[in-house]
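Letters A, B, ... are given to chains in the order of the sequence lines, protein chains preceding strands, and every chain is numbered from 1. We use all heavy atoms of the structure for the numbers below, so side chains are in, but hydrogens, waters and symmetry mates are not.
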Amino acid sequence: MEAEKRASNFIEEFIEEDLASGRFDHVKTRFPPEPNGFLHIGHVKAFSIDFEVANKYGGVCNLRFDDTNPTKEKAVFVENIQKDIQWMGYQWDKLFFASDFFDQLYDIACGLIRKGVAYVDDQSAEDMRKTRGTLTTPGVNSPYRERSIEENLDLFQRMKNGEFPDGARVLRAKIDMASPNVLMRDPTIYRILRSHHHRTGDAWCIYPMYDFQHPIQDAIEGVTHSLCSMEYEIHRPLYDWMVQHAGFPMPPRQIEFARLNLTRTVMSKRLLRRLVEEGHVSGWDDPRMPTLAAMRRRGYTPAAIKDFLSRVGVAKADSEVDQGLLEFCVREDLGSAAPRAMAVLDPLKITLSNWPEDKIDELPMENHPDHPALGERKVRFSKTLFIEREDFMENPPGKFFRLKPDGEVRLKGAYIIKCEQLVKDASGQVCELICSVDLDSRSGSEGSSRKVKGTLHWLSEADACPIEARLYEPILKDDTGVEDGEAEASDEFAEEQAPAKDFIDDLNPDSIRLMKRALAEPIIRDAQVGATFQFLRMGYFTKDPDSTEEMPVYNRTVALKDSWAKVATKA
RNA sequence: UGCCGAAUAGUGUAACGGUAGCACCUACGACUCUGACUCGUAUUGUCUAGGUUCGAAUCCUAGUUCGGCAGCCA
């Protein structure tokens with residue numbers, strides 16, 4: 001339908017223009033990660049756009065690994081990136097590796113030399129930097145710029161043959177050393193680099209640079225729309241130059257959009273790698289990380305992530321999206337799907353004074369309030385129970401609907417109890433409550449119509465299974481913003497360019513909280529790894545791979561919205 | 001002080017010369033055997049200054065602020 005086809009952002013508008021003008025008669029995109037780390041939610045935005053746009057216009061999207069820098073790349077990253085994309089529900093058309101095209105790229109580079117638009121430069125990296133000029137002053141031509149085509153061809157071949165040491169020479173595009181766009185000042189397109197490549201091994205000692213490989217590769221694949229983030233906008237003239245001088249008749253169109261930033265987290269591979277390597281997190285899939293692997297482990301769903309991305313939209317302006325929006329989307333998706341069950345994270349013992357010692361009641365409990373089809377399960381009720389420690393206060397502020405001395409609450413799906421007596425330990429802390437039960441108040445019974453304000457989740461001793469629960473907070477402290485600017489920069493280079501402050505200082509010391517004495521229903525204990533429940537009143541939890549037979553481990557995916565917490569904090 | 005971009009409620013994003021809307025957040029209220037969910041109500045916005053026009057977030061001019069660019073990284 002017409003409405004279905006209408007552009008929903010500026011990228012799609014451009015594409016529709018191109019389709020209408022006849023510049024292209026189809027759409028082909030590509031997602032081109034470098035396999036040097038795990039994908040994070042920012043990458044998901046990128047490849048979602050690539051895939052969604054292609055799908056919308058009946059085209060396809062390739063997955064291409066831009067593996068042109070063997071010093072940083074690993075096969076393990078290649079595997080995980082594919083897994084992540086598929087987990088999100090996308091399927092690429094062709095799978096390519098830039099390294100599969102090294103021969104072809106080499107030939108095209110030779111073609112550039114023959115055309116007189118590329119040359120071998122013998123200057124050192126330092127001299128090249130000096131002669132490049134600055135942002136406000138033009139550069140000067142290399143003394144090697146006017147070498148003959150024959151000499152360039154010979155030298156380039158000898159570079160390839162390994163006759164020169166690393167760094168001795170580079171191949172450069174001959175463009176304009178005085179260009180106001182520094183990237184156009186004879187950019188390097190091949191360097192000598194002896195490093196074992198995860199796919200080509202030691203077959204090559206020269207590797208193409210991004211500004212050469214990327215546009216050429218797009219053109220080879222027949223990409224029509226090369227979508228990328230804003231920092232490449234300034235590369236576009238170079239992109240177009242390469243495609244044109246390499247002689248491709250149907251140049252792809254590069255379109256840039258703003259990358260995703262989230263509050264209270266970091267979103268660059270460089271910083272994420274530091275977190276992993278310095279041991280601030282347990283790995284790339286530590287549930288506090290913004291990586292897809294971590295989100296999957298934590299219990300985020302592809303549907304929630306897609307919903308989030310669609311709410312964020314696509315634009316060119318820099319922005320930082322509140323992590324709360326992502327959490328909202330996760331709650332919304334899980335809310336209708338996740339079965340409910342009870343777990344007590346920080347147990348407080350309750351003894352019922354008027355409940356017979358050995359009596360056990362089996363109570364029916366709904367698995368989901370909105371979906372009766374999900375059925376019921378039996379929960380046991382006995383003389384000894386546990387409630388959440390924070391659900392009792394000895395001296396509560398006003399509007400506290402939970403248990404307090406002489407107060408009454410309903411235990412969800414069971415009885416109304418009244419707090420009669422406190423038991424304190426040697427340090428004066430309340431360690432047990434003696435309560436009476438209103439025997440007529442059992443849920444569903446005739447006497448159950450009596451209303452009390454609070455309803456608590458609970459567990460009987462008969463049902464309580466030990467589990468470990470892990471609660472998470474954002475990885476950065478509140479009110480700090482980490483400058484993420486030199487996003488993909490290498491460590492060495494970034495240190496020179498931006499020593500600045502160390503983001504490690506902004507790490508949130510409370511980003512993880514382990515509840516090692518938590519208790520849960522048997523259904524929680526017995527679930528499969530990856531299963532998700534709503535622990536009543538406590539949030540959504542997903543079973544972690546760290547779980548053992550003896551000790552199930554649950555990650556809190558996201559807490560429930562808690563309007564009481566806000567009141568309590570303010571008071 | 002060069003070049004390339006971007007500025008719309010607290011946040012994100014629409015409006016393509018014709019009533020500035022949507023979502024999240026926030027506040028209040030209703031409902032509630034999850035202080036959840038759901039429902040209702042409300043607050044808050046076009047970077048600045050000029051100009052064109054019957055009419056400007058949109059077009060023009062001049063500013064301001066923010067981001068990116070000087071790897072043999074991608």
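For the pair R191(A) and C73(B), the criterion of a side-chain N or O lying under 4.0 Å from OP1 or OP2 is met. A sub-4.0 Å separation between OP1 or OP2 of G71(B) and a side-chain N or O of R132(A) is present. Proximity of S319(A) to the phosphate of U11(B): no side-chain N or O atom is located under 4.0 Å from OP1 or OP2. Under 4.0 angstrom from either OP1 or OP2 of G35(B) there lies at least one side-chain N or O belonging to R537(A). Contact annotation: S563(A) does not reach the phosphate of G35(B) (side-chain N/O to OP1 or OP2, under 4.0 Å). For the pair K451(A) and U32(B), the criterion of a side-chain N or O lying under 4.0 Å from OP1 or OP2 is not met.
Picking from C69(B), C73(B), A15(B) the nucleotide with the shortest atom distance to the side chain of E34(A) gives C73(B).
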For RNA chain B, the expected dot-bracket line (Watson-Crick or G-U under 3.5 Å, [ ] crossing, | inter-strand) is .((((((..((((....[..)))).(((((.......)))))....(((((..]....))))))))))).....
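As rounded to whole Å, 8 Å separates atom C1' of G68(B) from atom CG of D318(A). At whole-Å resolution of the value, NE2 in H457(A) and C1' in G35(B) are 13 Å apart. D211(A) places its CG atom 10 Å from the P atom of C72(B), with the value rounded to the nearest Å. One atom, CE of M230(A), and another, C1' of C66(B), lie 12 Å apart when rounded to the nearest Å. Whole-Å rounding puts the L345(A) CG to U34(B) P distance at 19 Å. What separates CE of M177(A) from C1' of A70(B) is a distance of 10 Å, to the nearest Å. We find that CG of N261(A) is positioned 10 Å from P of G68(B), with the value rounded to whole Å. One interatomic measurement links the two molecules: CD of E388(A) to P of A36(B), which rounds to 17 Å at whole-angstrom precision.
In this structure, H235(A) and D211(A) have side chains that are in contact, with non-hydrogen atoms separated by less than 4.5 Å.
A salt bridge between R199(A) and D100(A) is present, with a side-chain N of the basic residue lying under 4.0 Å from a carboxylate O of the acidic one. Looking at K566(A) and D562(A), no side-chain N of the basic residue comes within less than 4.0 Å of a carboxylate O on the acidic one, giving no salt bridge. Between R377(A) and D463(A) there is no salt bridge, since no side-chain nitrogen of the basic residue lies less than 4.0 Å from a carboxylate oxygen of the acidic one. Ionic pairing of E366(A) and K412(A) is present here: one or more N-O contacts between side-chain nitrogen and carboxylate oxygen are shorter than 4.0 angstrom.
Considering V120(A), T188(A), L112(A) in turn, T188(A) is the only one that fulfils the side-chain contact (heavy atoms from CB on, under 4.5 Å) rule with R172(A).
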With side-chain hydrogen bond (donor to acceptor under 3.5 Å, both in side chains) as the test, would you mind laying out the steps for S48(A) and E52(A) before giving the verdict?
CA-CA 6 Å; S48(A) 295; E52(A) 297 285 354; 5.6 Å; no
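For the C1' atoms, the distance linking U11(B) with C54(B) amounts to 37 Å, nearest Å. If you take atom C1' in A30(B) and the same atom in G35(B), they sit 14 Å apart, rounded to whole Å. Straight-line distance between the C1' atoms of C47(B) and U43(B): roughly 22 Å, to the nearest whole Å. Comparing the C1' positions of U48(B) and A42(B) gives an interatomic distance of 31 Å, to the nearest angstrom. Remark: the separation of the P atoms in G29(B) and G68(B) is 45 Å, to the nearest Å. Between the P atoms of G21(B) and C33(B), the separation comes to 38 Å (whole Å). For the P atoms, the distance linking G2(B) with G63(B) amounts to 11 Å, nearest Å. Going from the P atom of U44(B) to that of C22(B) covers 14 Å, rounded to whole Å.
For F38(A) and F77(A), the ring centers sit closer than 6.0 Å to each other.
Counting any heavy atom pair closer than 4.0 Å across all strands shown, G335(A) reaches no nucleic acid atom. E366(A) comes within 4.0 angstrom of no nucleic acid atom, judged by non-hydrogen atoms across all strands. Within the 4.0 angstrom heavy-atom criterion, only backbone atoms of the sugar-phosphate kind lie near A317(A); the bases stay farther away. Here R340(A) lies in heavy-atom contact (under 4.0 Å) with a base. Among the protein residues, H235(A) comes within range of the nucleic acid bases, having at least one heavy atom under 4.0 Å from a base atom. Using a 4.0 Å heavy-atom cutoff across all strands shown, V312(A) reaches sugar-phosphate atoms only and no base atom. Within 4.0 Å (heavy atoms only), P369(A) reaches at least one base atom of the nucleic acid. Contact annotation for P208(A): backbone-only contact, meaning every heavy-atom pair under 4.0 Å involves sugar-phosphate atoms and none involves a base. At the heavy-atom level, R402(A) lies under 4.0 Å from base atoms of the strands shown. When heavy atoms are screened at a 4.0 angstrom cut-off, F535(A) is found touching no nucleic acid atom at all.
Where K561(A) and Y190(A) each meet RNA chain B at their nearest nucleotide, the meeting point lying more 5' is that of K561(A). Mapping T68(A) and K412(A) onto RNA chain B via the closest heavy atom, the residue that lands nearer the 5' end is K412(A).
Looking at R442(A) and S448(A), their side chains never bring a donor and an acceptor atom within 3.5 Å of each other. Judged purely by distance below 3.5 Å, without hydrogens or angles, the side chains of T71(A) and N69(A) pair a donor atom with an acceptor atom.
Between F10(A) and F14(A), the ring-plane angle classifies as perpendicular under the 30° and 60° cut-offs. Between F97(A) and F65(A), the two ring planes are parallel [angle under 30°; tilted spans 30° to 60°]. Using a 30° and 60° split on the angle between ring planes, Y554(A) and F535(A) fall in the tilted class, from 30° to 60°.
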Under-3.5 Å N/O pairs linking protein and nucleotides 38-46 of chain B:
none

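With centroids closer than 5.5 Å and planes inclined by less than 30 degrees as the test, W564(A) and the base of G35(B) pass as a stacked pair.
Checked by distance alone, Q534(A) brings a side-chain donor or acceptor within 3.5 Å of a matching partner on the base of U34(B).
Nucleotide G45(B) is shown with an anti base, its glycosidic torsion being more than 90° from 0.
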